[in-house]
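Okay, so here's the structure we're looking at.
What you see below is based on every heavy atom in this structure, not just the backbone, and it leaves out hydrogens, waters and symmetry mates.
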Amino acid sequence: MKYLFVFILILFCSCSSKVDYNFFENKFMANNIHHKFILKNPTKYDYVFYSFGSTGIDGASIINDNKIIIEDEKNNSINEKDIFINSRNYFRSYKSDSISMNYFSSKGFHRDVYWFASNREMKKNSIFLNSKKKKIFNRDIALLVDQVKSTGSYFSLKKNKKYFIQIEIDFDSVKIKEYLTPIDLDSLKRNNIKIFHGKLKTEKILLEFD
């Protein structure tokens, strides 16, 4: 019995020491694109998360996109529908990206302008979270066809039906490092900040319409 108690205690401690990512509210209102999330870091490490982006607003991320999972009350998955939107939002900051590209090229670090655009977007949406801390942050999640502002996908949902939603993100530190400059990596190393690697998934919550 003593050993069983110790085993259960160890198991509880190991399970409760993982990074937790979740919705801040207990309901997801589909009519609203602005949503709050909470991130908790009970581990002993300081982490940077590259990155928590929006969905349906700025275009797909090269690094990692939100995987939106929607089910009806019978646990049937709701499939996404593709949509193409001719938008120039992604190219508005290419002037600053070109400046960055030219600067790093002069230092012997050669990447194209698209690489620096990805680097900028990834760092813009990054979250730094110290050990034993939590952070509440906002992101835009566009699910409906009249909300989406970039090429990607949307969900066809009926107001009189009951749905549930989850969001999953897969952080691949190997791929993330491919889009960081030597200065970025050196700064993280000097400040003893680890790049988070792993998969985070919210709880399943009710999706409703106003």
In this structure, CZ of Phe209 is separated from CG of Leu157 (nearest 0.5 Å) by 4.5 Å
Any sub-3.5 Å donor-acceptor pair from His110's side-chain atoms to Lys107's backbone N or O? no
Of Ile169, Asp170, Ile69, Asn22, the one forming a side chain to side chain contact (heavy atoms under 4.5 Å, CB included) with Lys201 is Ile69
What one should report as the nearest heavy-atom pair of Lys132 and Lys44 is NZ-N, 4.5 Å
So do Lys81 and Ser153 actually touch side chain to side chain, heavy atoms under 4.5 Å? no
In short, side chain to side chain donor-acceptor pair (under 3.5 Å) pairs touching residues 184-198 with sequence neighbours left out are Asn119-Asp184, Lys123-Asp184, Ser173-His197, Thr181-Asp184, Asp186-Arg190
Any sub-3.5 Å donor-acceptor pair from Arg139's side-chain atoms to Asn125's backbone N or O? yes
Query raised in the report: Can you say whether the rings of Tyr50 and Phe128 are parallel (under 30°), tilted (30 to 60°) or perpendicular (over 60°)?
Result: perpendicular
- Would you say Lys204 and Glu71 make side-chain contact, with heavy atoms under 4.5 Å? yes
(message) Within the supplied structure, the quantity of interest is the number of heavy atoms (other residues, nucleotides, ligands) at a distance under 6.0 Å from Tyr103 OH; does it exceed 12?
(response) no
Separation between CG (Asp46) and CG (Leu188), nearest 0.5 Å, reads 11.0 Å
Review point. Counting N and O atoms only, with roles assigned by atom type, does the side chain of Gln166 sit under 3.5 Å from a partner on the main chain of Lys67, one being a donor and the other an acceptor?
Key: no
Count the heavy atoms belonging to other residues, nucleotides or ligands that lie under 6.0 Å from CD of Glu203, then report whether that count exceeds 12. no
So, Trp115 side chain and Glu178 main chain: donor-acceptor pair closer than 3.5 Å or not?
yes
OG1 (Thr55) and CD1 (Ile68) are apart, to the nearest 0.5 Å, by 4.0 Å
Checklist line | Cluster check Ile205, Phe24: I/L/V/M/F/W/Y, side chain < 4.5 angstrom | finding: no
Below 4.5 Å, heavy atoms only, C-beta onward: do Leu129 and Lys40 meet side chain to side chain?
no
CG (Leu207) and CG (Leu143) are apart, to the nearest 0.5 Å, by 6.5 Å
Side chain of Glu121, backbone of Ser118: donor and acceptor closer than 3.5 Å?
no
Exercise for the section: For the pair Asn31 (side chain) and Asp210 (backbone), establish whether a donor and an acceptor sit closer than 3.5 Å, ignoring hydrogens and angles. Expected result: yes
Tested for ring-ring contact (aromatic ring centres under 6.0 Å, His included) against Phe52, the lone hit among Phe37, Phe196, Tyr21 is Tyr21
So, do Lys133 and Asn41 sit near enough that their side-chain heavy atoms are less than 4.5 Å apart?
no
key: Arg120 bridged to Asp97 by N-O distance under 4.0 Å   = yes
| request: Mark yes or no for whether Ser131, through its side chain, and Thr43, through its backbone, hold a donor-acceptor pair below 3.5 Å. | output: yes
**Asked** Taking the side chain as C-beta and beyond, is there a heavy-atom pair between Ile195 and Phe171 under 4.5 Å?
**Response** no
What one should report as the nearest heavy-atom pair of Val113 and Ser98 is CG2-OG, 3.7 Å
Looking only at heavy atoms, the pair that brings Tyr163 and Lys158 closest together is OH-N, 3.0 Å
Of all heavy-atom pairs linking Ser126 and Ser51, the shortest is N-CB, 3.8 Å
Side-chain touch Asn130/Ile193, heavy atoms, less than 4.5 angstrom:
no
When every non-hydrogen atom of Met29 is compared with those of His35, the smallest separation belongs to O-CE1, 3.3 Å
Is it the case that the side chain of Tyr47 and the backbone of Ile127 share a donor-acceptor pair, with hydrogens and angles ignored and the cut-off at 3.5 Å? no
CG (Asn26) and CG (Leu206) are apart, to the nearest 0.5 Å, by 8.5 Å
Keeping Lys36 on the side-chain end and Phe137 on the backbone end, is there a donor-acceptor pair under 3.5 Å? no
Q) Has Phe109 got more than 12 heavy atoms of other residues, nucleotides or ligands less than 6.0 Å from its CZ? A) yes
Is any side-chain heavy atom of Asn66 closer than 4.5 Å to one of Ile167? yes
**Prompt:** Is there side-chain contact between Ile33 and Ile141, with at least one heavy-atom pair below 4.5 Å?
**Reply:** no
* Backbone N or O of Ser106 within a donor-acceptor pair of the Asn102 side chain at under 3.5 Å? -> no
So CD of Glu208 and CZ of Phe28: to nearest 0.5 Å the spacing works out to 12.0 Å
Nearest heavy-atom approach of Ile38 to Phe23 is CG2-O, 4.0 Å
